Amino acid sequence: MAERVAVFFYGLFMDPEALEAKGLRPLGARQAFVERFVLHLGARATLVPSSSGRVYGTTVHLTHAELDQLYSEPSVAAYRPEPVLVQLPDGTAELALCFNLPYTPEKVSGNHEYAAALQAVAGKMGLPKEYVAELSR
């Protein structure tokens with residue numbers, strides 16, 4: 001059996017059903033957040049360092065082969081893995097991979113479709129209501 005690694009998702013991939021629809025087998029989905037980052041919405045989402053930021057999402061466990069498959073899609077091929085310390089609801093923390101763009105893209109004005117989809121997924125995953133509300137701004 002292939003080794004699984006923890007992965008923190010903060011965009012549309014935070015929904016395990018979306019990952020399953022791509023043929024992946026995410027295990028152990030849990031709410032989580034990372035500190036010292038803010039969410040940047042461009043054509044897609046990415047994290048940007050910020051001393052006072054906090055971004056919510058989910059962690060799941062996937063194999064390296066599944067991650068290779070997921071990030072081979074053209075729309076996310078530029079994302080690169082980096083380690084983050086995720087905070088879990090029970091007060092514990094764990095290291096996870098997090099895929100981010102290696103640069104901060106320009107904001108895309110009018111990307112309301114992605115923002116609305118992200119807000120719906122964040123609500124479905126039970127993320128804090130205040131955070132979900134901010135996603136539409």
Side-chain angles (χ1 to χ4, degrees):
M1 180 178 230
E3 179 184 355
R4 292 182 171 272
V5 295
V7 186
F8 175 73
F9 289 115
Y10 52 86
L12 299 181
F13 291 159
M14 76 171 92
D15 183 355
E17 291 178 2
L19 298 173
E20 290 168 355
K22 295 179 177 298
L24 309 180
R25 292 188 27 229
L27 298 179
R30 296 187 288 177
Q31 290 181 9
F33 64 87
V34 293
E35 295 182 320
R36 304 182 68 88
F37 288 97
V38 293
L39 187 68
H40 178 89
L41 293 181
R44 295 188 69 106
T46 194
L47 300 184
V48 177
S50 169
S51 62
S52 61
R54 178 180 282 189
V55 176
Y56 289 88
T58 60
T59 61
V60 299
H61 289 82
L62 295 170
T63 66
H64 286 284
E66 288 173 320
L67 288 170
D68 290 345
Q69 175 186 335
L70 183 62
Y71 284 94
S72 69
E73 295 179 8
S75 65
V76 293
Y79 284 72
R80 297 292 176 254
E82 58 187 39
V84 293
L85 184 65
V86 296
Q87 305 295 322
L88 301 167
D90 64 4
T92 62
E94 78 174 339
L95 286 174
L97 288 178
C98 179
F99 284 75
N100 285 310
L101 289 173
Y103 56 89
T104 302
E106 301 217 9
K107 278 207 178 267
V108 175
S109 62
N111 193 2
H112 301 291
E113 184 177 314
Y114 184 86
L118 182 57
Q119 192 172 36
V121 168
K124 175 183 175 182
M125 300 312 300
L127 300 186
K129 289 181 175 44
E130 303 82 25
Y131 181 78
V132 174
E134 290 176 12
L135 294 174
S136 64
R137 296 180 191 168

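Throughout, numbering of the chain's residues begins at 1 and tracks the sequence. Bear in mind that the values here come from a model prediction, so they are computed numbers and not experimental data.
- Residues satisfying the side chain to side chain donor-acceptor pair (under 3.5 Å) test with S52, not counting sequence neighbours, are none.
- R80 pairs by the salt bridge (Lys or Arg N to Asp or Glu O under 4.0 Å) definition with nothing, not counting sequence neighbours.
- Under the side chain to side chain donor-acceptor pair (under 3.5 Å) criterion, E66 pairs with R4, T63, not counting sequence neighbours.
- Atom CG of L47 is separated from atom CG of L101 by 9.5 Å, given to the nearest 0.5 angstrom.
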Could you list the donor-acceptor pairs under 3.5 angstrom formed between side-chain atoms of residues 121-132 and any protein atom two or more places apart in sequence or on another chain?
from	atom 1	to	atom 2	distance (Å)
K124	NZ	D15	OD1	3.4
K124	NZ	D15	OD2	2.8
K124	NZ	E17	OE1	2.7

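- The shortest side-chain heavy-atom distance between F9 and L19 falls under the 4.5 Å cut-off.
- Under the salt bridge (Lys or Arg N to Asp or Glu O under 4.0 Å) criterion, R30 pairs with E94, sequence neighbours left out.
- V38 and F33 fall into different hydrophobic clusters, where Ile, Leu, Val, Met, Phe, Trp and Tyr residues are linked whenever their side-chain heavy atoms come under 4.5 Å apart, directly or through other members.
- When side chains are defined from C-beta on, H61 does not count as touching V5, because their heavy atoms never get closer than 4.5 Å.
- Between L97 and F8 there is no side-chain heavy-atom pair separated by less than 4.5 Å.
- A single hydrophobic cluster is seen to contain both V84 and Y103, as judged by linkage of ILVMFWY side chains at heavy-atom distances under 4.5 Å, directly or through other members.
- By the 4.5 Å heavy-atom criterion applied to side chains, L62 and L24 are counted as neighbours.
- Contact of the S50 side chain with the R36 side chain is not registered, since no non-hydrogen atoms from C-beta on lie closer than 4.5 Å.
- For the pair L12 and Y114, the minimum side-chain heavy-atom distance is below 4.5 Å.
- Scanning for side chain to side chain donor-acceptor pair (under 3.5 Å) contacts around S72 gives an empty result, with sequence neighbours left out.
- Partners of F99 under the ring-ring contact (aromatic ring centres under 6.0 Å, His included) rule, at least two apart in sequence or in another chain, are Y71.
- Qualifying side chain to side chain donor-acceptor pair (under 3.5 Å) partners for E20, counting only residues two or more places apart in sequence or in other chains: none.
- With rounding to the nearest 0.5 angstrom, the OG atom of S51 is 12.0 Å from the CZ atom of F37.
- For the atom pair T46 OG1 and L39 CG, the distance stands at 8.5 Å (nearest 0.5 Å).
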Donor-acceptor pairs are to be reported for all side-chain atoms of residues 53-60 against protein atoms at under 3.5 Å, with residues two or more places apart or in another chain.
from	atom 1	to	atom 2	distance (Å)
R54	NH1	Y56	OH	3.2
R54	NH2	E35	OE2	2.7
T58	OG1	M14	O	2.8

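- Annotation: salt bridge (charged side-chain N to carboxylate O under 4.0 Å, His left out) contacts involving residues 70-79, sequence neighbours excluded, comprise K22-E73.
- For the residue pair P26 and P16, the shortest heavy atom distance occurs at CG-O, 3.7 Å.
- In this structure D68 satisfies the side-chain contact (heavy atoms from CB on, under 4.5 Å) test with no other residue, sequence neighbours excluded.
- Residues passing the side-chain contact (heavy atoms from CB on, under 4.5 Å) test with A93 are L85, Q87, sequence neighbours excluded.
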